[in-house]
Amino acid sequence: MFWGVPMGQSILDISTLELHFFTEKGVIKAIDGVDLKVGEGEIVGLVGESGCGKSVTSLAVMGLIPTPPGKIVGGSIRFSGQEITHWTNKQMRKIRGKDISMIFQEPMTSLNPLFTIGDQLVEAIRVHKKCSKKEAQSLSLAILEKVGIKRVGILKQYPHQLSGGMRQRVMIAMAMVLEPRLLIADEPTTALDVTIQAQILDLMRSLNREFGTSILLITHDLGVVAEMCDRIVVMYAGQVVEEADGRKLFKNPSHPYTQGLLKSIPKLDENQKRLYSIPGQVPHPLNMPQGCRFAPRCEYVMETCWNKKPDLYEIEQEHLSRCWLHQGKEAIENGKGDADTT
Amino acid sequence: MLAYTVRRLFMLIPVLVGMSIITFGIVHMIPGDPAQTIAGEKATPQRVEEIRKELGLDEPLYIQYGSYAKGLLQGDLGKSMTTKRPIGEEIGPFLAATAELVFAAMFIAVFFGVNLGILSSWRQNSWFDYSAMMIALIGVSIPVFWLGLMEQWLFAQTLDWLPSNGRLDPRIQMEPITYFYVIDTILYGDTEVLWDAVKHLILPAVALATVPMAIIARITRSSMLEVMRSDYIRTARAKGLSEFWVVYKHTLKNASIPVLTVIGLQLGTLLGGAVLTETIFSWPGVGRYLYTAIGERDYTVVQSGILIVATIFVIINLIVDLIYAWIDPRIQYGKK
């Protein structure tokens with residue numbers, strides 16, 4: 001079913017992952033059968049609205065989902081061939097920050113305000129690497145220079161003395177200093193000015209080239225994805241709904257949700273009176289539609305969509321979509337039909 | 001930081017002046033005639049009048065305050081009306097006794113309070129959390145005098161493990177140096193007496209520690225919980241730091257400011273307000289000293305004693321403020 005990345009070469013391989021949150025009000029199926037692969041040196045974009053499960057997916061890879069209430073109930077996460085789904089916290093700690101690292105949306109609050117930049121970088125290095133404080137400091141300065149910070153005395157400065165863009169650079173430096181194999185970037189540019197956004201994206205791309213680090217870029221911004229990513233995965237309500245390489249997805253979006261997302265990008269050359277937005281709202285996680293999860297908001301909705309769950313379907317080579325529209329009549333009739341009873 | 005410290009010290013002056021006026025005023029509003037008390041009930045009116053004159057109590061209040069303030073500026077806290085000894089000299093050993101007790105109690109309160117709070121927040125909603133917070137709730141609610149009496153009944157009377165009152169076994173004769181008996185015995189190098197002093201300290205210190213410990217535990221817990229939800233704690237975990245470092249380095253430092261505030265306030269309060277504990281355990285502390293002075297209408301002792309206790313309170317809170325700035329580099333006092 002998968003393509004693009006030959007087996008054995010994918011650095012991250014998530015298959016049919018199911019992650020539920022067990023709350024007092026009921027079970028929230030935050031991730032419901034997500035498949036996702038990131039190849040060696042590849043940049044993959046994970047796109048979707050807030051609450052669609054993209055951040056939860058990334059935190060699950062890091063092993064940072066608070067348990068309870070969250071729990072992986074099915075599927076697997078493999079990191080460079082190793083099954084890490086049920087690793088203990090102690091095992092995960094050994095790869096966290098060293099082999100997989102992560103940067104977050106809010107550079108303003110992601111650094112500890114009471115410790116210096118140097119302290120936080122040195123700490124990140126010395127957790128995994130046996131070296132003296134001096135060595136760690138010179139390593140820190142080297143990586144800071146690589147991310148474009150050449151300030152004198154930067155190691156002695158506190159986060160509040162830096163701008164948002166600078167802090168995100170520090171976060172990237174901290175994530176990249178041990179040359180991890182996978183960098184998960186959760187909305188790394190959302191909180192930044194547009195001009196700074198471009199700089200940060202450029203930086204990530206050049207680090208990707210230089211170190212060969214694979215990047216999983218999580219964002220709701222299709223513009224960012226178009227610029228950066230080799231492959232794009234679109235998520236909706238805890239499921240992958242479409243997956244294709246960047247060009248195909250933009251030229252020929254096949255899932256109605258993806259089409260809606262693309263339509264809602266404002267265009268300068270067209271004389272639009274109003275910006276397009278997808279009608280309706282994301283379904284409540286405790287009250288998912290029985291069939292296709294996008295059915296209530298879909299302009300092409302059919303009878304089948306309401307009671308049968310569509311599968312991811314290869315509509316053309318290297319292009320998957322979870323929609324009944326692209327599947328033959330036969331598929332619809334023989335479809336799973338086991339409506340979601342929860 | 002230095003400039004701030006100096007400025008804060010200067011700002012103490014109006015506070016101290018205000019406090020001296022207030023203590024002086026309040027003490028003189030207490031009903032009862034000190035001259036009569038000193039002279040005794042059977043004294044003749046002439047004798048009472050003589051004493052009044054001798055003590056300067058016949059002067060108008062502002063003149064009385066003037067001479068009091070003048071004395072204060074020269075470091076003279078006045079003389080006790082009953083013992084006729086200088087208050088500065090007299091109150092020292094009592095202050096030391098209280099300080100020894102309060103520091104021991106605060107050590108217990110901070111150590112157990114902070115750690116209980118940390119463990120509770122770390123294992124939020126576990127049975128440990130519930131029982132620790134239940135203990136904390138009981139701790140805040142227990143009256144100190146009841147706890148003190150129960151301790152004496154159980155550990156001194158029934159089990160006979162620890163002495164029930166006093167600072168030292170009365171058979172031991174010791175010339176005090178600092179009046180901190182634990183320090184004095186160490187200075188003398190007498191471990192047997194040291195052990196006796198420590199044993200006398202345990203019960204009152206535990207009784208006095210209960211309420212602050214409970215308050216500190218609850219504040220630590222809620223403050224830790226708030227910090228644990230923050231983004232930089234997630235970053236610390238994402239680095240691969242062990243849970244111990246995440247909790248004790250990254251979370252605790254950020255959570256410590258409200259905890260410090262409470263510690264400062266409790267410390268200041270206890271230094272002047274350990275009267276109940278001191279009375280139950282016959283601890284010759286400043287609380288009992290002042291209590292006795294109030295009973296004897298010893299104005300000068302009461303006003304100077306209260307002033308000293310209040311000054312200590314203000315200074316402790318100043319120190320806490322300075323520690324804030326040292327912990328959190330974002331606090332740049334006075335810079336706009």
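Residue numbering restarts at 1 for every chain, and letters A, B, ... go by the order of the sequence lines.
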Residue [X] excluded, over 12 heavy atoms near [atom1] under 6.0 Å:
| X | atom1 | result |
| --- | --- | --- |
| Y232(B) | OH | yes |
| E226(B) | CD | no |
| W87(A) | CH2 | yes |
| F128(B) | CZ | yes |

Query raised in the report: When you look at K253(B) and N112(A), which way does the side-chain contact (heavy atoms from CB on, under 4.5 Å) test go after all the steps?
Result: CA-CA 10 Å; K253(B) 194 170 180 188; N112(A) 194 324; over 6 Å; no
Between [options], who has the most heavy-atom pairs with chain B when the cutoff is under 4.5 Å?
| options | result |
| --- | --- |
| E106(A), H128(A), K90(A) | H128(A) |
| P113(A), S101(A), A175(A) | P113(A) |
| E123(A), K98(A), K94(A) | E123(A) |

Query raised in the report: Which residues pass the side chain to side chain contact (heavy atoms under 4.5 Å, CB included) test with K130(A), sequence neighbours left out?
Result: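 If we apply the side chain to side chain contact (heavy atoms under 4.5 Å, CB included) test to K130(A), skipping adjacent residues, there are no hits.
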Query raised in the report: Between N254(B), I233(B), I327(B), which has the largest tally of heavy atom pairs under 4.5 Å with chain A?
Result: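 The answer is N254(B).
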Requested in this report: Calculate, to the nearest 0.5 Å, the distance between atoms CG and CZ belonging to N89(A) and R237(B) respectively.
Outcome: 8.0 Å
Query raised in the report: If you measure from CZ on R234(B) to CG on D186(A), what distance do you get to the nearest 0.5 Å?
Result: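 Separation between the atoms: 7.0 Å.
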Requested in this report: Dump the intermediate steps for side-chain contact (heavy atoms from CB on, under 4.5 Å) on T235(B) and M102(A), then the final yes or no.
Outcome: CA-CA 8 Å; T235(B) 308; M102(A) 187 159 181; over 6 Å; no
Report which part of [X] has an atom under 4.5 Å of a heavy atom belonging to chain B: side chain, backbone, both, or neither.
| X | result |
| --- | --- |
| L114(A) | both |
| M108(A) | neither |
| L59(A) | side chain |
| M174(A) | side chain |

Requested in this report: Taking the side chain as every heavy atom from C-beta outward, state whether L241(B) and R96(A) have any pair of such atoms under 4.5 Å apart.
Outcome: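 They are not in side-chain contact.
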Report task. Mark yes or no for whether K239(B), through its side chain, and Q120(A), through its backbone, hold a donor-acceptor pair below 3.5 Å. Result -> yes
Query raised in the report: Counting distance only, does the side-chain N/O of T109(A) pair as donor-acceptor with the main-chain N or O of D231(B) below 3.5 Å?
Result: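 Flag not set: sc T109(A) to bb D231(B) has no pair under 3.5 Å.
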